[in-house]
Protein chains: 2
Amino acid sequence: MAPGMEIRRLDSRDAEFPAQLDALLDRAPETSIEVTRVVDEIVADIRVRGDRALLELSNRFDRRSLQSASEFEISKTAWVQAWDGLPADLRAALAAAAERIRAYAEHQKLAPFAYTDALGNTLGQEVRSLERVGIYVPGGKAAYPSSVLMNAIPAKVAGVDDIVMVVPAPGGELNPVVLAAAHLAGVDRLFTIGGAQAVAALAFGTATIPAVDKIVGPGNAYVAAAKRAVFGRVGIDSIAGPSEIVVISDRGSDPRWIAMDLFSQAEHGEDSESILISPDADFLDRVAAAMAERVTTLPREAIVRASIAGRGALILVRDLDEACAVSNRIAPEHLELAVDAPRALLPKIRHAGAIFLGRHTPEAFGDYCAGPNHVLPTSRAARFSNPLGVYEFQKRSSLIDCSVDGARTLARIAGRIADAEGLQAHAQSARDRG
Amino acid sequence: MAPGMEIRRLDSRDAEFPAQLDALLDRAPETSIEVTRVVDEIVADIRVRGDRALLELSNRFDRRSLQSASEFEISKTAWVQAWDGLPADLRAALAAAAERIRAYAEHQKLAPFAYTDALGNTLGQEVRSLERVGIYVPGGKAAYPSSVLMNAIPAKVAGVDDIVMVVPAPGGELNPVVLAAAHLAGVDRLFTIGGAQAVAALAFGTATIPAVDKIVGPGNAYVAAAKRAVFGRVGIDSIAGPSEIVVISDRGSDPRWIAMDLFSQAEHGEDSESILISPDADFLDRVAAAMAERVTTLPREAIVRASIAGRGALILVRDLDEACAVSNRIAPEHLELAVDAPRALLPKIRHAGAIFLGRHTPEAFGDYCAGPNHVLPTSRAARFSNPLGVYEFQKRSSLIDCSVDGARTLARIAGRIADAEGLQAHAQSARDRG
């Protein structure tokens, strides 16, 4: 007989429920002072000593013994070899995924606009791509090819000139599927560096590593702290936290499917968060039983058990409306609506990174090949931020083009407000055109 | 006779020019370690002690003597009184500016999309507004009503539920025009707090100050450091630096106008940057002469002189193409194209926050009433970031809705890649739908 499954049970009718939920969600994205101190030193070191520091830090942290910074770069020939060396069915799967990611990304392109006002002035917005971006791929043997596709393809679709990928190679080991994915995604250059030193090298540039305009991609606490430190000098995407899933399900779903969907988050790590919300207590029991049964089939059983025990929850709610309200409070990275009429719930969902509708749309499709990006806001950041997308690799410039007549009216308005703000050069500059 | 005008002269033909330009642009947006230390303490204090800390810090830094945190809030009645008390022509100018800002913002709204693939799966993107945002307005008597309009109106157009504005009131003093602008722009609540403590209060919430989802608006180094520290817990817009203008002009512009346009940046502060680029050496001389003459007319003459001497430049280039290349290297916040055919130069401009076309479009129009936002990327951030806009107050959620048949194909692709990544729960969750 399978052992049981340890997972907390919450009930929205419980007076303590709001506090219990808040406790479950209390995942501080702030960087610890100790990590900040270490990272500030690394960033300053790379900035001052460049390649020399990069070589020393990489040899130490990644257990490497390189003599020259030029050895960090992996040539495109090696990527092509890696691609050619993959099993044909894996190549086909990756190519199909890449094509779907590209098709979705095409829909995200920002469009310019322009209009002419009643005074004859033209106002608008231009769109340009970023010139050079850095993609951080977490490293070593566990590096994920899907992350390469998800980060590089939107940049490519945006029209970025140079995509520079960094991935640490601890002990010199690198997943060949990651190299193959770099080839497939259209990366331009690839360096085997990682950690805060890689982020600093991308932000400031060294003799070997080109300085980029923006750095995207997830990483550990040191990578996150380094991104925070260089923000402003370069753009960054977001501070990535552990992965999360919320499933809202009625009694109509197969409990075995829902159990495995929860596990697909839990297997990422012990700090992943997997939450099922249902108005049906019996269904929650059946999912718990299915979890106990199916967990034993997983190679990562120990991680899954620890994650579910530490960060999992089965939440009983009054109805599906309340399920949506609880989910909005969580603002999850991934939300499955495994119900009869998911479209009816959609207007009630305010905060979620990606929404999976219906019983045949597991979150795992979104991780690999549905099309939308798998880089999504975590730790409640879905309240204010976006999935990674083409728009992260484009930027807007405002456009103002005044007619001689139109300028006269604007000169009067601007002059009056500038007077009120005590900025006389502003006022005069405006009135020169009046 | 007017004294001369101290301003550096650069020539792109000079071998040293690239290094000279880089030196001029070397404005580190990084936060100093000392400021970080102070700010980290303030943030931690607000987080732990809430209103009590906010009261102590505000009384100390803003020279106030409040007894209760409830005194921070200014009632809407006071805003209406402030509005009613303004001169009629200023009310009209502010209302006209607000209407133009609103009209432009309406064009920026993000649109959802959806499409169905050949397998019958529907992919899309939903758009939602943020729930609650905080607007930081730099403070005291010099607080700018235009900043209130520029920050609050896009949030209002986006559909944000609650707009919480903070503005410090040093010594209890507050510009009534700022209160009036809050009324006009549709702000919901207003608190007279500022500095790092205000940012921390908005990020974590106190008994008095509601926690927000995103904080926007410029501030001093402490405000910037606090925004950096709370980034991730809440969204932030960008780290604002000193204001900048680049003017590209041929010999056809009135040198007096161009001189005043440069001054309109310089009067913001001694660290503002005002650069004129022209292929015509004689025109540069004539602008220098006009600057010497017109600077004496300005109440802020001393600030303007210091700014122009420290951060100003007249740059001689070979032609307008090179002018654009130099401007792209600078990636300025504001760019004026004061030339005969500005539209011909536009495709050559890669990086600029706002572009002002033609001789009748001074940058000052953009500060107040042209329509586009005056909150723009500074310190070369135009390489990777956007003007403040409606899109900063909206966010996207990905949508995935699979058909039974469509799920079968995705199950095969996702399963194969998950196998390669060693994530068996992902593979099984996908194949459950296969």
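The figures that follow rest on heavy atoms only: side chains count, while hydrogens, waters and symmetry mates do not.
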Start with the C-alpha gap between A/L423 and B/Y144, add the side-chain angles, then the distance that decides, and say whether side chain to side chain contact (heavy atoms under 4.5 Å, CB included) holds. CA-CA 10 Å; A/L423 295 173; B/Y144 292 141; 3.8 Å; yes

Under 4.5 Å from a heavy atom of chain A, the part of [X] involved:
X: B/L399; answer: both
X: B/E126; answer: side chain
X: B/R294; answer: side chain
X: B/T409; answer: neither
X: B/D117; answer: side chain
X: B/L262; answer: neither
X: B/L110; answer: side chain
X: B/R380; answer: neither
X: B/S385; answer: backbone

Salt-bridge present (A/D261, B/R433; N to O < 4.0 Å):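 The answer is yes: the pair qualifies as a salt bridge.
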
Taking A/A418, A/S238, A/A92 one by one, which has the highest count of heavy-atom pairs under 4.5 Å against chain B? A/A418

Any donor and acceptor pair, going by atom type alone, linking the side chain of A/R228 with main-chain N or O of B/R228 inside 3.5 Å?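 A pair under 3.5 Å: yes.
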
Which residues pass the side-chain contact (heavy atoms from CB on, under 4.5 Å) test with A/A96, sequence neighbours left out? B/I413

Please find the pair of heavy atoms, one from A/L410 and one from B/A370, that lie closest to each other, and give the distance. CD1-CA, 4.2 Å

Tell me, please, which residues at least two apart from B/H268 pass ring pair (Phe, Tyr, Trp, His ring centres under 6.0 Å).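 Ring pair (Phe, Tyr, Trp, His ring centres under 6.0 Å) check on B/H268 returns A/H426.
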
Mind checking whether A/Y104 and B/F113 have ring centres under 6.0 Å apart?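 Ring centres of B/F113 and A/Y104 closer than 6.0 Å.
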
